[in-house]
Amino acid sequence: MNQAPVSCIPAGKMSKAKKVLDEAREIQNPELDLADKSISTFEEMPGLLNMINITRLTLSHNKIQAVPPGLANLVNLEILNLFNNHITELPISLSQMPKLRILNVGMNKLDVLPRGFGAFPVLEVLDLTYNNLSEKNLPGNFFMMETLRALYLADNDFEYLPPEIGQLKNLQILVLRENDLIELPKEIGELTRLRELHIQGNRLTVLPPEIGNLDLVSNKAVFRMEFNPWVTPIGDQLQVGISHVIDYIRSETYRYVYNRHQSAKGPPPPIENDKSKKISRVR
Amino acid sequence: MPGVTEMSLDNMFCSRCREGFVPHEKIVNSNGELWHPQCFVCAQCFRPFPDGIFYEFEGYKYCEHDFHVLFAPCCEKCGEFVIGRVIKAMNANWHPGCFRCEECNGELADAGFIKCQGRALCHTCNARVKAGVLGKYICHQCHGVIDDKPLRFRGELYHPYHFNCTACGIELNSDAREVNSRPGYAANEMNELYCLRCHDKMGIPICGACRRPIEERVVTALGKHWHVEHFVCAKCEKPFLGHRHYEKKGLAYCETHYHQLFGNLCFVCNQVISGDVFTALNKAWCVHHFACAFCDQKMNQKTKFFEFDLKPACKKCYDKFPQELKKRMRRMYDLNPKRIPV
């Protein structure tokens with residue numbers, strides 16, 4: 001009977017990832033597809049950090065827990081996809097990657113982002129969907145990523161969106177679905193290029209009137225706001241359609257309703273989303 | 001012929017000496033007049049005509065040399081006899097080729113000349129000399145000094161009052177406009193003059209940006225005319241200068257800003273999509289980058305995918321989503337897999 005050689009890493013797995021790497025090296029392929037390869041650590045991908053020519057690295061659907069700081073050696077990387085892993089922390093070095101445009105760390109176990117994380121020079125799309133992030137554990141420079149086109153924060157734990165969001169002048173897509181948002185800052189009205197806004201499944205009761213400055217009702221725009229405990233007039237307008245909500249938000253009547261609501265602020269609505277079963281919480 | 005048969009020696013005599021002719025004597029006949037050969041000679045030198053060529057003047061015949069000496073004009077410039085066309089000017093005779101402008105040496109015979117301080121000058125040199133003296137222009141029509149502003153027409157300067165408006169006939173002033181009636185042609189011989197009022201009213205294109213008439217190249221777009229340098233992108237305001245422009249709602253845009261504003265930038269590479277476009281989920285992708293947002297596997301127009309926060313998820317990825325998430329998604333959305341319209 002032939003016995004497989006003894007190793008701390010199962011041989012079958014190692015050869016799987018290694019094969020992809022060897023192949024890529026051989027044909028000089030700058031795009032690495034390593035999705036769903038049961039990879040737990042970067043050690044299973046020998047030589048990866050020396051392949052400085054690669055422009056895309058896809059590691060989704062693995063079991064990676066830690067990202068080595070040396071990943072930032074891949075100075076030509078433009079797309080890094082770490083979706084659906086077990087990552088709890090990211091190295092600060094990632095934010096120094098000179099060409100990184102798209103970073104997907106969705107569906108991981110991030111409780112916090114490192115200090116200085118907002119230093120990315122050219123980041124355009126940042127996907128942090130389905131983690132355990134809130135305004136309390138964002139780094140101070142998070143909203144200085146002026147090149148950002150899309151920010152995905154759905155399925156996290158935000159109760160307030162920092163007013164600095166207004167600094168993301170290039171933002172076209174903002175997804176805040178199913179957080180615990182109690183209110184939105186008026187600075188959201190400064191995101192003049194926004195054409196996708198998802199705020200459904202939060203604890204919002206009113207919208208800042210400044211949101212009326214945005215073009216969210218054209219055929220090039222999407223605005224999702226269902227499943228919030230809206231005040232009655234907004235809820236009524238929503239029944240007939242988003243465009244009616246926006247018309248109403250822009251009216252003098254609403255400005256009055258909003259001011260009155262802000263001055264007589266009651267306790268925030270209770271949290272309805274049950275997050276206990278989220279896999280990002282499983283330790 | 002009766003005249004010939006009636007002719008006899010008795011009634012024939014020499015035109016010069018009036019003597020008759022001896023039978024069989026040689027007779028010279030010239031234009032019906034008869035001569036003794038010794039009598040058919042030059043009236044000046046009494047010698048026979050060389051080669052039989054003679055010049056007749058007031059009934060007398062002269063040899064070529066004596067005729068020139070007696071009657072032909074001498075060219076003021078070269079001193080030779082002037083045969084053929086004689087230019088009489090400046091109290092003298094000239095060969096046409098010898099009568100030239102004393103400034104520029106151009107021939108004056110057909111162009112005409114102007115006497116200027118005892119010199120014969122062409123119009124141009126005369127105007128220049130006079131202007132140089134006076135610091136003023138000389139009218140190309142009346143050759144008088146132009147005291148006020150001159151009117152430029154087909155390359156020359158004039159008193160404006162020599163002309164009338166081509167449209168309304170009013171006498172022109174220096175505000176008059178010269179119109180190139182054949183846009184695109186540099187030649188000005190077809191140009192016409194209009195008074196300012198008619199000029200502004202007639203079909204001269206008006207620039208849609210600056211509202212001023214367009215005298216040079218005209219760009220026609222969006223149903224309006226534009227100065228080349230005024231036809232610009234509505235966003236960045238850079239002139240197209242012949243580059244492609246894109247129209248939207250009565251405005252023109254450069255390629256970059258049209259796509260930036262109206263959405264045909266690829267969601268992944270953020271570049272203008274020149275070839276086929278995948279459009280779905282409020283986004284567009286170029287053929288290279290239409291892929292699952294979660295595993296980056298390429299998709300095509302036949303691939304079924306799920307929508308997750310308006311990102312495309314392939315079936316394999318969607319199946320890997322945690323149960324609790326799918327339960328929430330089902331609660332919130334209608335989850336029919338959709339085909340991509342291409």
Side-chain angles (χ1 to χ4, degrees), chain A residues 31-36 56-61 78-84 101-102 104 106-107 122 124-125 127 129-130 147 149-150 152-155 170 172-178 193 195-196 198 200-201 218-224 226-227 273-282, chain B residues 235 248-249 256-271 277 279-286 288-299 306-334 341:
Chain A
E31 306 203 338
L32 277 187
D33 282 301
L34 288 161
D36 199 14
R56 174 167 66 81
L57 176 57
T58 302
L59 287 163
S60 358
H61 307 302
E78 292 181 35
I79 301 176
L80 176 57
N81 196 338
L82 295 163
F83 181 78
N84 191 16
R101 294 188 302 105
I102 300 181
N104 191 343
M107 206 167 283
V122 295
E124 295 175 16
V125 179
D127 198 330
T129 308
Y130 207 105
T147 51
R149 290 189 278 125
Y152 294 95
L153 295 169
D155 291 317
N170 285 305
Q172 296 167 31
I173 298 172
L174 178 58
V175 183
L176 297 160
R177 174 186 52 78
E178 292 186 281
R193 296 187 64 187
R195 56 179 172 81
E196 244 187 65
H198 307 230
Q200 69 275 49
S218 77
N219 61 347
K220 279 282 175 190
V222 175
F223 183 24
R224 290 181 175 172
E226 303 80 2
F227 306 103
N273 297 336
D274 176 16
K275 301 182 179 179
S276 58
K277 294 198 173 104
K278 272 178 78 180
I279 58 162
S280 62
R281 303 271 168 121
V282 179
Chain B
K235 176 78 179 163
K248 183 94 174 181
K249 288 185 181 164
T256 309
H257 287 114
Y258 176 80
H259 289 295
Q260 195 183 83
L261 291 167
F262 306 109
N264 273 333
L265 290 177
C266 170
F267 178 69
V268 172
C269 62
N270 205 27
Q271 302 295 306
V277 184
T279 315
L281 311 179
N282 199 40
K283 296 174 184 63
W285 286 267
C286 65
H288 307 293
H289 291 128
F290 184 54
C292 169
F294 303 93
C295 67
D296 296 326
Q297 280 305 301
K298 296 265 184 301
M299 305 200 291
F306 293 80
E307 183 253 284
F308 182 61
D309 290 339
L310 288 181
K311 292 175 282 187
C314 70
K315 183 157 191 316
K316 256 168 105 178
C317 283
Y318 178 77
D319 287 345
K320 289 193 173 67
F321 283 7
Q323 276 308 320
E324 68 86 22
L325 174 60
K326 281 194 271 197
K327 218 159 143 187
R328 280 189 284 135
M329 284 167 73
R330 262 195 295 273
R331 181 166 69 92
M332 289 186 121
Y333 309 122
D334 174 23

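Treat the numbers as computed from the prediction; the structure is a model and nothing was measured. Just so it is clear: chains get the letters A, B, ... in the order the sequence lines come, proteins before strands, and each one is counted from 1.
- To the nearest 0.5 angstrom, A:Arg101 atom CZ is 7.0 Å from B:Asn270 atom CG.
- Counting only heavy atoms from C-beta outward, the side chains of B:Pro322 and A:Lys277 never approach each other to under 4.5 Å.
- Atoms CD and CE, from A:Glu178 and B:Met329 in turn, are 9.5 Å apart once rounded to the nearest 0.5 Å.
- With a 4.5 angstrom heavy-atom cutoff, A:Glu78 does not touch chain B via any of its atoms.
- Neither the backbone nor the side chain of A:Leu34 comes within less than 4.5 Å of any heavy atom of chain B.
- One distance of note links NE2 of A:His61 with CZ of B:Phe294; it measures 8.5 Å at 0.5 Å rounding.
- Residues A:Arg195 and B:Asn282 share a closest heavy-atom pair of NH1-O, 3.0 Å.
- A:Arg224 contributes no side-chain N or O that, together with a main-chain N or O of B:Asp309, makes up a donor-acceptor pair within less than 3.5 Å.
- By the ring pair (Phe, Tyr, Trp, His ring centres under 6.0 Å) test, B:His257 is found to be paired with no residue, residues two or more places apart in sequence or in another chain being considered.
- Side-chain contact between B:Val268 and A:Ile79 is present, with heavy atoms from C-beta onward closer than 4.5 Å.
- Counting non-hydrogen atoms of other residues, nucleotides and ligands closer than 6.0 Å to NZ of B:Lys315 gives a total of 12 or fewer.
- Heavy atoms closer than 4.5 Å to chain B are found in the side chain of A:Val175, but not in its backbone.
- For the pair B:Phe321 and A:Met107, the tightest heavy-atom approach, listed with the atom from each and the gap, is CD1-CE, 4.2 Å.
- Here the straight-line distance linking atom CG of A:Leu59 with atom CG of B:Asp296 works out to 10.0 Å at 0.5 Å rounding.
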Next item on the list: Evaluate the side-chain contact (heavy atoms from CB on, under 4.5 Å) criterion for residues A:Asp33 and B:Gln297: first the C-alpha distance (whole Å), next the side-chain angles of each, then the deciding distance (0.1 Å), finally the verdict.
Entry: CA-CA 8 Å; A:Asp33 282 301; B:Gln297 280 305 301; 3.7 Å; yes

Next item on the list: Test A:Tyr152 against B:Lys311 for side-chain contact (heavy atoms from CB on, under 4.5 Å), laying out the working first.
Entry: CA-CA 10 Å; A:Tyr152 294 95; B:Lys311 292 175 282 187; 3.6 Å; yes

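- When heavy atoms are compared at a cutoff of 4.5 Å, A:Asp36 approaches chain B solely by way of its side chain, counted from C-beta outward.
- Contact count against chain B (heavy-atom pairs under 4.5 Å) is highest for A:Arg56 among A:Arg56, A:Gln172, A:Glu124.
- A heavy-atom distance below 4.5 Å is not found between the side chains of A:Phe83 and B:Cys317.
- Heavy atoms closer than 4.5 Å to chain B are found in the side chain of A:Glu31, but not in its backbone.
- Within 6.0 Å of the NZ atom in B:Lys235, the count of heavy atoms belonging to other residues, nucleotides or ligands does not exceed 12.
- When every heavy atom of B:Cys295 is checked against every heavy atom of A:Ser60, the shortest pair comes out as CA-OG, 3.6 Å.
- Between A:Asp155 and B:Arg328 there is a salt bridge, since at least one side-chain N of the basic residue sits less than 4.0 Å from a carboxylate O of the acidic one.
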Check: Can A:Arg177 and B:Phe308 be said to form a side-chain contact (heavy atoms from CB on, under 4.5 Å), step by step?
Finding: CA-CA 11 Å; A:Arg177 174 186 52 78; B:Phe308 182 61; 3.2 Å; yes

Next item on the list: Given side-chain contact (heavy atoms from CB on, under 4.5 Å), test B:Lys283 with A:Glu196 step by step and report yes or no.
Entry: CA-CA 10 Å; B:Lys283 296 174 184 63; A:Glu196 244 187 65; 2.5 Å; yes

